[in-house]
Participant: 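What follows is a single structure, and I will ask about it in a moment.
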Amino acid sequence: MYLDNYPQKFPADFLWGGATAANQIEGAWKTAGKGLTTAEVVSKAENRKKMSMDQVDQASLAAAIADQTTTNYPKRRGIDFYHHYAADIKLFAEMGFKVFRFSIAWSRIFPNGDDQTANEAGLAFYDRVLDELAKYQIEPLITLSHYEMPLALTQKYNGWADRRVISAFTHYTETVFKRYGKRVKYWLTFNEINTGTWGFHATGAIDQGLTKNEQLQLRYQALHHQLVASALATKQLHQLVPTAQMGCMLARMQTYPATPNPVDVQAAQAADQKNLFFTDVQVRGEYPGFMNRYFAEQGIKITMQPDDQQILSENPVDFVSFSYYMTTVTQAAQDGTAVGNMATGGRNPYLQESAWGWQIDPIGLRITLNEMWDRYQKPLFIVENGLGAVDKLEDGKVHDSYRIDYLRQHIEQMKEAISDGVKLLGYTMWGPIDLISFSTSEMSKRYGFIYVDQDDQGHGSLRRIRKDSFYWYQKVIKSNGEDLS
Ligand code: BGP
């Protein structure tokens with residue numbers, strides 16, 4: 001027997017599609033009993049290269065609650081997917097989507113997060129979305145928590161900092177598994193769970209005014225609660241719907257050593273470990289030794305209950321999903337230069353960057369896929385990747401060849417990784433329809449194949465227009481990734 005064969009095509013059942021999040025598309029922020037979410041009290045960034053996500057303290061929170069308009073809080077209006085979902089899904093179907101990733105707004109189902117009874121009108125909305133997807137045989141991929149939670153849980157418990165939020169969450173997850181479980185095979189617990197180390201948008205905990213160390217303590221404790229909640233949700237899903245699969249979701253930030261100097265290589269490895277810590281717990285079921293050391297050295301003490309470790313080890317996820325936008329560079333002596341929205345790393349002189357300063361690295365995706373596969377040996381799913389750019393609408397058209405180039409280069413590298421032996425389930429590019437930016441709340445940072453007529457102030461007809469990339473992606477899906485021209 002000779003070993004002279006390897007995969008050179010995407011698997012026939014490869015899941016092509018797109019990904020969104022409730023707070024960036026739905027709007028209808030007060031409709032049908034929905035409660036206010038943490039995403040809806042975060043105001044716009046002051047400028048394009050600055051992040052707005054964590055500028056929440058008690059004063060800004062009070063001001064946001066008093067302000068009943070959508071003007072300064074674009075995530076309250078989204079792109080009004082709540083009322084356009086049928087037409088939007090029809091457009092996804094026209095492109096040939098096999099999968100659509102979206103998130104459920106917890107506060108549509110439980111307006112205060114810990115209500116005893118679910119809000120039927122909220123549940124019914126996602127039934128309608130699922131009906132529409134079923135019509136076109138588009139597989140749903142649902143994120144249970146994507147950068148938002150009911151604001152009432154922040155007010156009552158300071159979000160995930162308080163262990164009691166775990167039971168509120170598992171009540172919510174049990175409710176949605178029972179309601180939608182038969183129709184949904186793929187689920188994710190927390191979007192980009194690792195970004196909880198950055199604060200409010202992911203933990204729902206206000207920690208302004210604390211020292212850096214106190215902030216870290218609070219955030220890692222909140223994240224421990226999320227890791228336990230994630231394992232408990234995985235257990236529930238497996239019990240309630242044995243055929244369904246749970247995935248974890250990491251903002252993967254591959255980092256390269258700035259030089260071959262071993263001190264830089266070691267620093268890069270340590271930075272990488274902190275990124276991979278979360279998936280390590282969710283896949284391998286225990287806190288890795290390097291984090292125990294890090295916590296001890298930082299004076300961080302994670303409070304655990306006696307059976308937490310068992311919960312984590314008995315309920316690993318079924319597949320590993322991640323977002324991929326950029327890579328970073330690590331030096332032993334960091335200068336703190338920010339690259340992209342969540343990374344603190346040096347610039348890579350070999351790479352181009354987007355208008356928002358995110359460094360573009362298609363080959364890094366192949367490297368990442370190989371490393372993730374080597375480390376976990378579980379099926380991978382790229383659930384976000386894309387280019388935020390300023391699009392120009394000319395004569396009713398958008399010629400976004402830059403977006404096509406970006407996506408083509410990344411898809412080529414996915415194929416290389418598949419040839420390397422990586423098991424990849426699918427690809428949901430980020431923002432198939434223009435939506436509100438997570439980091440800056442701009443509308444003008446567009447990712448979509450579908451243009452949405454709305455500006456940063458919220459003016460516009462909300463009309464949906466197919467961009468050039470729409471027809472390109474249609475061709476990509478039709479040829480199962482063979483025709484990328
Ligand atoms: C990821 C988030 C998404 C998203 C995307 C693009 O980090 O999971 O919610 O929006 O990044 O980021 P942005 O919208 O800031 O350009």
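Residue numbers run from 1 in the order of the sequence given. Whatever order the structure lists them in is the order used to number ligands and atoms, beginning at 1.
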Participant: Find all atoms of ligand 1 within a distance of less than 4.0 Å from any non-hydrogen atom belonging to Tyr447, and give their numbers and elements.
Facilitator: 6 (C), 12 (O), 13 (P), 16 (O)
Participant: State plainly whether the residues Lys392 and Asp400 are in salt-bridge range, i.e. N to O under 4.0 Å.
Facilitator: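 Between Asp400 and Lys392 there is no salt bridge, as every charged N stays at least 4.0 Å from the carboxylate O atoms.
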Participant: Using heavy atoms and a threshold below 4.0 Å, how should the contact between Leu435 and ligand 1 be classified: side chain, backbone, both, or neither?
Facilitator: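 Looking at Leu435 and ligand 1, no heavy atom falls under 4.0 Å.
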Participant: If I apply the N/O under 3.5 Å rule, does Trp358 come out as touching ligand 1?
Facilitator: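 Between Trp358 and ligand 1 (N or O atoms, distance only) the closest approach is not under 3.5 Å.
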Participant: List for me each residue that meets salt bridge (charged side-chain N to carboxylate O under 4.0 Å, His left out) alongside Asp361, sequence neighbours excluded, and say none if there are none.
Facilitator: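 With sequence neighbours excluded, Asp361 shows a salt bridge (charged side-chain N to carboxylate O under 4.0 Å, His left out) to no residue whatsoever.
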Participant: Quick check: Phe438 and ligand 1, any N/O pair under 3.5 Å apart?
Facilitator: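 Indeed, backbone or side chain, Phe438 has an N or O that close.
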Participant: Could you check Tyr427, Phe92, Trp16, Phe102 and say which one makes a ring-ring contact (aromatic ring centres under 6.0 Å, His included) with Phe97?
Facilitator: Phe92
Participant: Among Trp106, Tyr147, Trp160, which one satisfies ring-ring contact (aromatic ring centres under 6.0 Å, His included) with Phe190?
Facilitator: Trp160
Participant: For His201 and Thr38, which I'm curious about, is there any donor-acceptor pair between the side chains at under 3.5 Å?
Facilitator: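 No, Thr38 and His201 have no side-chain donor paired with an acceptor closer than 3.5 Å.
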Participant: Which ligand 1 atoms, with their elements, are less than 4.0 angstrom from a heavy-atom of Ser437?
Facilitator: 13 (P), 14 (O), 15 (O), 16 (O)
Participant: Could you tell me, atom by atom, which parts of ligand 1 come under 4.0 Å of a heavy atom of Ser439?
Facilitator: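 Selected atoms, number and element: 13 (P), 14 (O), 15 (O).
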Participant: Which of the listed options, Lys445, Arg446, Glu384, holds the heavy atom that is closest to atom 11 (O) of ligand 1?
Facilitator: Glu384
Participant: Arg284: which residues meet the salt bridge (charged side-chain N to carboxylate O under 4.0 Å, His left out) condition with it, sequence neighbours left out?
Facilitator: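 Per chain and number, Arg284 pairs via salt bridge (charged side-chain N to carboxylate O under 4.0 Å, His left out) with Asp280.
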Participant: Check each heavy atom of Trp356 against ligand 1 and say whether those closer than 4.0 Å belong to the side chain, the backbone, both or neither.
Facilitator: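 It is neither; nothing of Trp356 touches ligand 1.
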